[in-house]
Amino acid sequence: MRNPVAIFGMVVIGFFLVIVVLAPFIAPYSPTEQNLRATYVPPGVGVALGGPEGQLGIWVHPVTRSPTAGLRVDDSVAYPVRLFVRGSEWTWFFGLVKSDLRLFGVDGPVRFYLLGTDEQGRDLLSRLVHGAWISLFIGLISIAIGIGVGVPAGAISGFLGGSTDMIVQRVIDTLLAFPGILLAIVLVATFGTGLTNVMIAVGVASVPIYARLVRGSVLQVKNREYVEAAAALGRNRLSTLARHVIPNVMAPIIVQSSLQMATAILFAAGLGFLGLGARPPQPEWGLMLARGREYLAVAPHVATFPGIAIVMVVLGFNLLGDALRDALDPRM
Amino acid sequence: MLQYTLRRILVAVPSVLGVMIIVFAMVRLAPGDPAQNLAGEFADAETIELIRERFGLNEPTHVQFYRFVTGVLQGDLGTSTRTYRPVTTDLATFFPNTLELALGAITIALLFGIPSGILAALRPNSAFDLSVMIGALIGVSMPVFWFGLLAILIFSVQLGWFPVAGRGTLMHLVLPAITLGLSSMAIIARMTRSSMLEVLNQDFIRTARAKGLFDRGVVMKHALRNALVPVVTVIGLQFGALLAGAVITETVFSWPGIGRLLVDSIRARDYPVVQGAVLLIAVSFIVVNLVVDLVYGFIDPRIRYD
């Protein structure tokens, strides 16, 4: 694991996890709070490096959008941006943690939009940060469904062989006939849109991939001496499978799970973009991008930052998956 | 070869049947009354009853499925609840556009993917190899819709080189095809590279080199032919992925293809069209993979006896 690319991947994932855990502390504002007097503020507008009397630091001027005159920056006043400020109160982890401490904020009656605002004047940074857990959850739930259903199906299919294998393989073939994101689209079209259904759909779409992977590995392992030894000792077949075969096919499952995280995040964002996933005002990254698309020419930053966030997280998991494969499976 | 062909076709049949079962089940598993779903949101009670009667929705499931399958085999996929056109007409209008887009994408993916994979394999761990591999990783990590939006923003809005959206001239095809082909390009480049590396380390290449064949001759004559065999499979799989990926690309570029038809129909709960579009994409994918399997058996006879 001394591969610099892998380390970069892990740093990105670590950063992502920190954001998920500390979201309301890192985000300066609420992800859904609108400010219709400050819509589509591009990043950097009204922000000055240095105060009115030459002080160091970042200072913010009030910015308003008027329907007729466009964006106006009021240069007559400026307020400093400070670290660890008291802002509006937030709760996290289902109400277990409560505080009003924020990583940074403005000392004064204006707002500091680090990444600008969207079409409803919501702070883009706050939305991105609060949307991180959605991506993480989608990935984790998708893996849980994929492993929970796909691994037993593939293992039993490969280990028992015969007609069980035949039937399971035909089902998997059928599911694999829906390429890429199509299976998830089919499920969402059937059972309805929304975040929960997207998580389930993306998870089910990963089942055939796990099943096929595990079946292949089980077929390689099942005739090894230690499996025969377990059978000779009188163990029944399912317990042999669970205790001697599955642990030996863990490596490809781990690699696949890292890559699956990446795929799941991309699929969910894609469904969000198509309007089949999360619903407004959820700060899901794909949905944010879809909204940004409508204002692409006037406010390109609205679509740009969610895209960067998706690319970074997906790249992180892809890099980690690749590195794990190199480390765990020297044949590749 | 004939036996192999027949066997492959027979293996594809259960998949097609399975796809039909899933597509058939879509309407019936959807929340709400299937007749209402098929009739559309604003249908009155009389229409719903008519639909129920016409689609035989009050008959036993196996009878319904038999009718569905015979309907599909006779080219009858029902009528759109939005436009009241036969679904097959809609599919026939939009599918060629998707094929055009997918063919453009696969052309671009092959044109750039295979040469960069080969060149990367010839100089492993060089700066070129490294940049191809990093580029490929970014390529598979990039959401299609975001890349498409950036492309529109830069090349259409800012530079004005290409039209913003729609289908028509060859210029209309460039950005959507690159956008759709990007991840396939990345996957094909990676596959070509690793397959090429594997072949270059084999004995017959060393023999060819030992015979004094100059490097390019070795690469072109002996290595490439062998290295491209697994790449063919990936191309088949990618073509299917392109058909599905077209759903998003077509939405970004307002391309009048089957993917956009599918998304619009899902939003409008126009189930007959959704069923038809899904069926068409999945069956095309099965057919493409069948063809790839056959080509594979043709170029690598060992496969046939597997």
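Chain letters run A, B, ... following the sequence lines, proteins first, then strands; residues in each count from 1.
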Checklist line | Which atom of B/Ala282 lies closest to which atom of A/Leu182, heavy atoms considered | finding: N-CD2, 4.4 Å
Check: Who are the ring-ring contact (aromatic ring centres under 6.0 Å, His included) partners of B/Phe145, not counting sequence neighbours?
Finding: A/Phe273
Note to self: Applying ring-ring contact (aromatic ring centres under 6.0 Å, His included), can you list everything that pairs with B/Phe128, at least two apart in sequence or on another chain?
What the structure shows: none
Checklist line | Value rounded to 0.5 Å, distance of CG in A/Leu289 from CG in B/Leu149 | finding: 6.0 Å
Next item on the list: Heavy atoms only: give me the nearest A/Pro179-B/Ala244 pair and the separation to one decimal.
Entry: O-CB, 3.2 Å
Margin query: Less than 4.5 Å to any heavy atom of chain A: does that hold for the side chain of B/Val144, its backbone, both, or neither?
Written below: neither
Notebook entry, point to check: At a heavy-atom separation under 4.5 Å, does B/Ile138 approach chain A through its side chain, its backbone, both, or neither?
Noted result: both
Item checked: Heavy-atom pair count under 4.5 Å with chain A, highest-scoring of B/Ile248, B/Ile281, B/Val23, B/Ile21 -> B/Ile248
Next item on the list: Would you check if B/Ile22 and A/Leu175 make a side-chain contact, meaning some heavy-atom pair closer than 4.5 Å?
Entry: yes
Donor and acceptor N/O pairs, chain A versus chain B, under 3.5 angstrom:
from, atom 1, to, atom 2, distance (Å)
A/Leu274, O, B/Arg267, NE, 3.2
A/Leu274, O, B/Arg267, NH2, 2.4
A/Arg293, NH2, B/Thr251, O, 2.8
A/Arg293, NH2, B/Val252, O, 3.1
A/Ala303, O, B/Trp146, NE1, 3.1
A/Thr304, O, B/Trp146, NE1, 3.4
A/Asn318, ND2, B/Ser141, OG, 3.0
A/Asp322, OD1, B/Arg190, NH2, 3.2
A/Asp322, OD2, B/Arg190, NH1, 3.4
A/Asp322, OD2, B/Arg190, NH2, 2.8

Check: Heavy atoms, side chains only, cut-off 4.5 Å: are B/Val19 and A/Phe178 in contact?
Finding: yes
Checklist line | Residue A/Leu296 versus chain B: region with a heavy atom under 4.5 Å | finding: both
Margin query: For the interface with chain A, which of B/Ile286, B/Val157, B/Val278 has the highest count of heavy-atom pairs at distances below 4.5 Å?
Written below: B/Val278
Checklist line | Distance-minimising heavy-atom pair for B/Leu153 and A/Pro300 | finding: CD2-CB, 3.5 Å
Notebook entry, point to check: Are B/Ile266 and A/Leu274 side-chain neighbours, meaning at least one heavy-atom pair lies under 4.5 Å?
Noted result: no
Check: Checking heavy atoms, do the side chain of B/Leu243, its backbone, both or neither come under 4.5 Å from chain A?
Finding: neither
Notebook entry, point to check: Is it the backbone or the side chain of B/Val283 that comes under 4.5 Å from a heavy atom of chain A, or both, or neither?
Noted result: neither
Next item on the list: Return the option, out of B/Val27, B/Leu150, B/Val263, with the maximum number of heavy-atom pairs under 4.5 Å with chain A.
Entry: B/Val263
Check: Who among B/Ala12, B/Gly18, B/Ala241 has the most heavy-atom pairs with chain A under 4.5 Å?
Finding: B/Gly18
Notebook entry, point to check: Tell me, side chain or backbone of A/Ala262 under 4.5 Å from chain B's heavy atoms, or both, or neither?
Noted result: neither
Checklist line | Residues which pass side chain to side chain contact (heavy atoms under 4.5 Å, CB included) with B/Val69, listed by chain and number, not counting sequence neighbours | finding: B/Met20, B/Phe65, B/Leu73
